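Here the structure is a predicted model, which means the values were calculated and not measured.
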Amino acid sequence: MSQEFHAFLKKEKLPPTKDVARALSSRGWRVEIDADKPIDELSALTLKVDGAAHTVQVQVSRASEGAFANLVAAAHTSPEGETWLSLLKATDTRIVCSGDGAKGEEWARELARSIGLLCAGGFHNPQSGTVLQYGR
């Protein structure tokens, strides 16, 4: 079973795929992404990390769309409610990254965190409940 990680951003701030690879590489890995399309136009992305290939599935939606709308409603009463509400006001797009196996999940998490950070948006880990807003 794969785990999901969510990046939140303003769509117009989504950087080119090569900039995402460069940001991941700046953290100590040699990361290559062989994709000409923007991340929000892909359904899967293969990252070559230090020579090993890892596939991350990608889904794009509005920030508060679908089943995620339940979290929006719960944001008013959750301990992280202020962060959720601020994040959802500041963003319009959610990119869900998921991967299979320990390494696939690790790279799904790193990809979502990097996209959220690069876009001054946010990151959500549904497994731990962590929600971060980078661009306050």
Side-chain angles (χ1 to χ4, degrees):
M1 184 172 158
S2 65
Q3 293 185 357
E4 294 184 347
F5 302 92
H6 305 177
F8 290 86
L9 57 129
K10 282 279 193 188
K11 186 171 175 119
E12 67 267 9
K13 290 187 176 183
L14 183 64
T17 307
K18 64 181 171 126
D19 290 354
V20 174
R22 188 179 7 228
L24 286 165
S25 293
S26 74
R27 297 181 53 212
W29 303 289
R30 189 179 71 248
V31 178
E32 299 171 39
I33 300 175
D34 187 23
D36 293 332
K37 292 183 178 182
I39 289 174
D40 64 335
E41 293 180 13
L42 301 170
S43 61
L45 187 62
T46 299
L47 292 84
K48 230 181 217 180
V49 182
D50 295 332
H54 304 282
T55 301
V56 175
Q57 285 73 42
V58 178
Q59 295 176 320
V60 180
S61 64
R62 289 193 326 259
S64 59
E65 185 174 281
F68 197 70
N70 295 335
L71 281 177
V72 175
H76 295 281
T77 59
S78 74
E80 301 86 8
E82 284 183 38
T83 302
W84 270 119
L85 293 174
S86 179
L87 179 60
L88 293 171
K89 284 180 187 176
T91 62
D92 59 12
T93 301
R94 176 174 56 122
I95 298 179
V96 179
C97 302
S98 61
D100 292 322
K103 282 295 186 181
E105 290 172 359
E106 175 185 352
W107 287 106
R109 183 183 66 244
E110 292 300 331
L111 182 62
R113 285 173 46 185
S114 293
I115 292 170
L117 184 58
L118 275 172
C119 298
F123 168 77
H124 175 233
N125 178 340
Q127 290 72 230
S128 68
T130 302
V131 58
L132 302 171
Q133 183 176 8
Y134 298 116
R136 289 189 179 218

Check: Is it the case that more than 12 heavy atoms not belonging to Q57 sit under 6.0 Å from its CD atom?
Finding: yes
Next item on the list: Taking all non-hydrogen atoms of both residues into account, name the closest pair between A23 and S26 and its distance.
Entry: O-OG, 2.6 Å
Item checked: Nearest heavy-atom neighbours spanning T93 and K11 -> OG1-CB, 3.4 Å
Note to self: Could you tell me if the side chain of P15 sits less than 4.5 Å from the side chain of R22, heavy atoms only?
What the structure shows: no
Next item on the list: Indicate, with yes or no, if L14 and L47 share a hydrophobic cluster defined by side-chain heavy-atom contacts under 4.5 Å among Ile, Leu, Val, Met, Phe, Trp and Tyr.
Entry: yes
Check: Any chance CG of D34 has more than 12 other-residue heavy atoms, nucleotides or ligands included, within less than 6.0 Å?
Finding: no
Check: Are the side chain of Q127 and the backbone N or O of E4 linked by a donor-acceptor pair below 3.5 Å?
Finding: yes
Checklist line | Between OG on residue S43 and NZ on residue K37, distance to nearest 0.5 Å | finding: 8.5 Å
Next item on the list: Determine whether W107 and F5 fall in the same hydrophobic cluster, where Ile, Leu, Val, Met, Phe, Trp and Tyr are linked whenever their side-chain heavy atoms lie under 4.5 Å apart.
Entry: no
Note to self: For T46, is there any backbone N or O sitting under 3.5 Å from a side-chain donor or acceptor partner on T55?
What the structure shows: no
Check: Distance from H6 atom NE2 to L87 atom CG, nearest 0.5 Å?
Finding: 12.0 Å
Check: At their closest point, which heavy atom of A112 faces which heavy atom of A7, and how far apart are they?
Finding: O-CB, 3.3 Å
Next item on the list: Indicate if W29 and I33 have the same hydrophobic cluster label, given that clusters are the connected sets of ILVMFWY residues with side-chain heavy-atom separations under 4.5 angstrom.
Entry: yes
Note to self: I'd like to know whether NZ of K48 has more than 12 heavy-atom contacts from other residues, nucleotides or ligands below 6.0 angstrom.
What the structure shows: no
Check: What are the two closest heavy atoms between D100 and S2, and how far apart are they?
Finding: OD1-CB, 3.0 Å
Next item on the list: Calculate, to the nearest 0.5 Å, the distance between atoms OG1 and NZ belonging to T91 and K13 respectively.
Entry: 10.5 Å
Margin query: To the nearest 0.5 Å, what is the distance between CG on L118 and CG on L24?
Written below: 8.0 Å
Margin query: When you measure from the side chain of D40 to the backbone of V60, do you find a donor-acceptor pair of N or O atoms at a distance under 3.5 Å?
Written below: no
Item checked: Between SG on residue C119 and CD on residue E12, distance to nearest 0.5 Å -> 9.5 Å
Check: Going only through I, L, V, M, F, W and Y residues with side-chain contacts under 4.5 Å, is there a path from V58 to V96?
Finding: no
Check: When rounded to the nearest 0.5 angstrom, what is the spacing between CD1 in I115 and CD1 in I95?
Finding: 4.5 Å
Note to self: Using modelled atom types and a 3.5 Å cut-off, is there a donor and acceptor pairing between side-chain atoms of D50 and backbone atoms of R30?
What the structure shows: yes
Item checked: Salt bridge flag under 4.0 Å for residues E110 and R113 -> yes
Checklist line | Where C97 and A108 come nearest, the two heavy atoms and their spacing | finding: CB-O, 3.5 Å
Margin query: Tell me whether L45 shares a hydrophobic cluster with F8, the cluster being built from Ile, Leu, Val, Met, Phe, Trp, Tyr side chains joined at under 4.5 Å.
Written below: no
